[in-house]
2 protein chains.
Amino acid sequence: MDLNEQQQPPQKRNTTQMMIAHGVNLTKQRRIIADVLFERNQHVTADQLFDLVKQTGSRVSKATVYNTLGLFTRKGLVREIFIDASRTFYDSNNSHHHHFYNVDTGDLIDIKDRLAPHFIEQDLPEGTSMDIVDLVVRVKNIKS
Amino acid sequence: MDLNEQQQPPQKRNTTQMMIAHGVNLTKQRRIIADVLFERNQHVTADQLFDLVKQTGSRVSKATVYNTLGLFTRKGLVREIFIDASRTFYDSNNSHHHHFYNVDTGDLIDIKDRLAPHFIEQDLPEGTSMDIVDLVVRVKNIKS
DNA sequence: CTGTTGCTTAGAATAGTTCTAAAAATAATT
DNA sequence: AATTATTTTTAGAACTATTCTAAGCAACAG
């Protein structure tokens, strides 16, 4: 299962600046996590990210990976994508876009933002047909 | 948290016919579950449904509630809505529509189908503002 | 230094869901 | 009807993703 298929070219980002810009305090672990996460646009689970970090030789606890992903989400650095009850992905591409999820392969693929929803049907990934479209508009109470 | 707010009027459906029409074998437990689930349009978790069934005096195991919801989903009688890693709702309204989810209250509210996506913003529930729109288009491999 | 605050950690706890293996119900076949 | 096969249900165990807990550590302020 390919989690990393992306239409956009990989782009090296300045993770330190990103964190500062979003009001995230810098720590050793957060730098390590951010460097791995933002190395390229990708969709990863907390567990996959934990492994990716391990592969760099750095040691960060799983709790910190969860904490950091939660923090990054609250600060708007990443987006959570809930595919099903046991599949939460974190999208390191924080630009405005949506996703194709292939129920057969597990592939999660970006939908280019310019695609109007009614044109999606004509732009499905090769060899796939539409299954279910689930649009969840999350709203929040206006604080008074 | 009100899970049951619906725009459409409650409608008593013939659950036996629904199951037959969708190729679901009839059993005592499935009838009980279907009667509770389709009594009105609602969004329920497996656990909530288990409790609702219990309240009718009938006794159905939790495993059967899960099995039956899985079966009903595969057969197209209900739709799963994944709000987050620990919130899977089953929507007993199987007509084509989407949802507003209020992150503050937990309310899950139908979006009338006629609403074009770009008009959603002008039609948010009272006292709420847009938070996150997550559109996941599920596709499946074309079997050859 | 010393206290305060925030961060990280390992492991325990939690919660939703799936699995297992056996019993029960139902359907099919003789 | 009796027997066999198939499907369904069940209780509880197992599993898995995530959160919690409580202790230790790091950074910084006074």
Side-chain angles (χ1 to χ4, degrees), chain A residues 1 3 15-16 19-20 22-37 43-54 56 58-75 77-91 106 108, chain B residues 1 3 15-16 19-20 22-37 43-54 56 58-75 77-90 103 106 108:
Chain A
M1 131 170 151
L3 298 166
T15 55
T16 302
M19 288 194 274
I20 292 168
H22 286 82
V24 171
N25 292 345
L26 300 174
T27 72
K28 212 174 84 193
Q29 289 85 348
R30 286 174 190 172
R31 282 173 196 276
I32 294 167
I33 290 170
D35 283 348
V36 171
L37 182 57
H43 310 115
V44 288
T45 63
D47 221 65
Q48 289 168 346
L49 183 55
F50 175 70
D51 285 341
L52 288 174
V53 166
K54 215 187 297 186
T56 69
S58 305
R59 162 84 205 152
V60 176
S61 74
K62 188 167 281 191
T64 297
V65 172
Y66 273 100
N67 289 341
T68 302
L69 284 171
L71 178 67
F72 283 5
T73 302
R74 266 177 281 119
K75 297 296 190 179
L77 282 156
V78 299
R79 278 272 298 284
E80 286 173 323
I81 306 161
F82 302 109
I83 295 298
D84 65 41
S86 65
R87 248 177 282 261
T88 301
F89 288 98
Y90 291 86
D91 191 341
L108 191 56
Chain B
M1 131 171 153
L3 298 166
T15 55
T16 302
M19 288 194 273
I20 293 168
H22 286 82
V24 170
N25 291 345
L26 299 174
T27 71
K28 213 175 81 191
Q29 288 84 349
R30 287 174 188 171
R31 282 173 195 277
I32 293 167
I33 290 169
D35 283 347
V36 171
L37 182 56
H43 309 115
V44 288
T45 64
D47 221 65
Q48 288 166 346
L49 183 55
F50 175 70
D51 285 341
L52 287 173
V53 166
K54 214 188 298 186
T56 69
S58 304
R59 162 82 205 154
V60 176
S61 75
K62 188 168 280 190
T64 297
V65 172
Y66 273 98
N67 289 341
T68 302
L69 284 172
L71 178 67
F72 283 5
T73 301
R74 267 178 281 120
K75 298 294 190 179
L77 283 155
V78 298
R79 278 273 298 285
E80 286 173 323
I81 307 161
F82 302 109
I83 294 299
D84 65 41
S86 66
R87 247 177 283 263
T88 301
F89 287 99
Y90 292 85
V103 295
L108 191 56

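These numbers were taken from a predicted model, which means no experiment stands behind them. Chain naming here is simple, since letters A, B, ... match the order of the sequence lines and numbering starts at 1 in each.
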For [N], does either OP1 or OP2 sit under 4.0 Å from a side-chain N or O belonging to [X]?
X	N	result
A/N25	C/dG6	no
A/Q29	D/dA26	no
B/R59	D/dA11	yes
B/T64	D/dT10	yes

Between atom [atom1] in [X] and atom [atom2] in [N], what is the gap in whole Å?
X	N	atom1	atom2	result
A/L71	D/dT19	CG	P	13 Å
A/L69	D/dA17	CG	P	14 Å
A/F50	D/dT19	CZ	C1'	16 Å
A/D84	D/dT16	CG	P	14 Å
B/F82	D/dA17	CZ	C1'	14 Å
A/L49	D/dT18	CG	P	12 Å
A/R30	C/dG6	CZ	C1'	8 Å
A/Q48	D/dT18	CD	C1'	15 Å

(request) Determine, stepwise, if the pair B/F89 / B/Q48 fulfils side chain to side chain contact (heavy atoms under 4.5 Å, CB included). (result) CA-CA 10 Å; B/F89 287 99; B/Q48 288 166 346; 4.2 Å; yes
(message) Using the rule side chain to side chain contact (heavy atoms under 4.5 Å, CB included), only one of B/L49, B/I32, B/T15, B/L52 pairs with B/L37; which is it?
(response) B/L49
(message) Given B/V53, which partner from the list B/T68, B/D35, B/V60 fulfils the side chain to side chain contact (heavy atoms under 4.5 Å, CB included) test?
(response) B/V60
(message) Could you go through B/R31 and B/T16, starting from their C-alpha distance and side-chain angles, then the distance that decides it, and tell me whether this counts as side-chain hydrogen bond (donor to acceptor under 3.5 Å, both in side chains)?
(response) CA-CA 7 Å; B/R31 282 173 195 277; B/T16 302; 3.3 Å; yes
(message) Can you tell me how far apart CG (A/L71) and CG (A/N67) are? Round to the nearest 0.5 Å.
(response) 8.5 Å
(message) Once rounded to the nearest 0.5 Å, what's the spacing between atom CZ of B/R87 and atom NE2 of B/H43?
(response) 14.5 Å
Looking at [X] and [Y], what are the two nearest heavy atoms and their distance?
X	Y	value
A/M19	A/A34	CE-CB, 3.9 Å
B/R30	B/N25	NH1-O, 3.0 Å
A/A85	B/T88	CB-OG1, 3.5 Å

(request) For the helix from C/dC1-D/dG30 to C/dT30-D/dA1, figure out the bend between the end axes, five pairs an end, and round to 10 degrees. (result) 10°
(request) If a protein heavy atom is under 4.0 Å from the base, mark B; if only from the sugar-phosphate, S; if neither, -; do that for nucleotides 14-28 of chain C going 5' to 3'. (result) --SBB----------
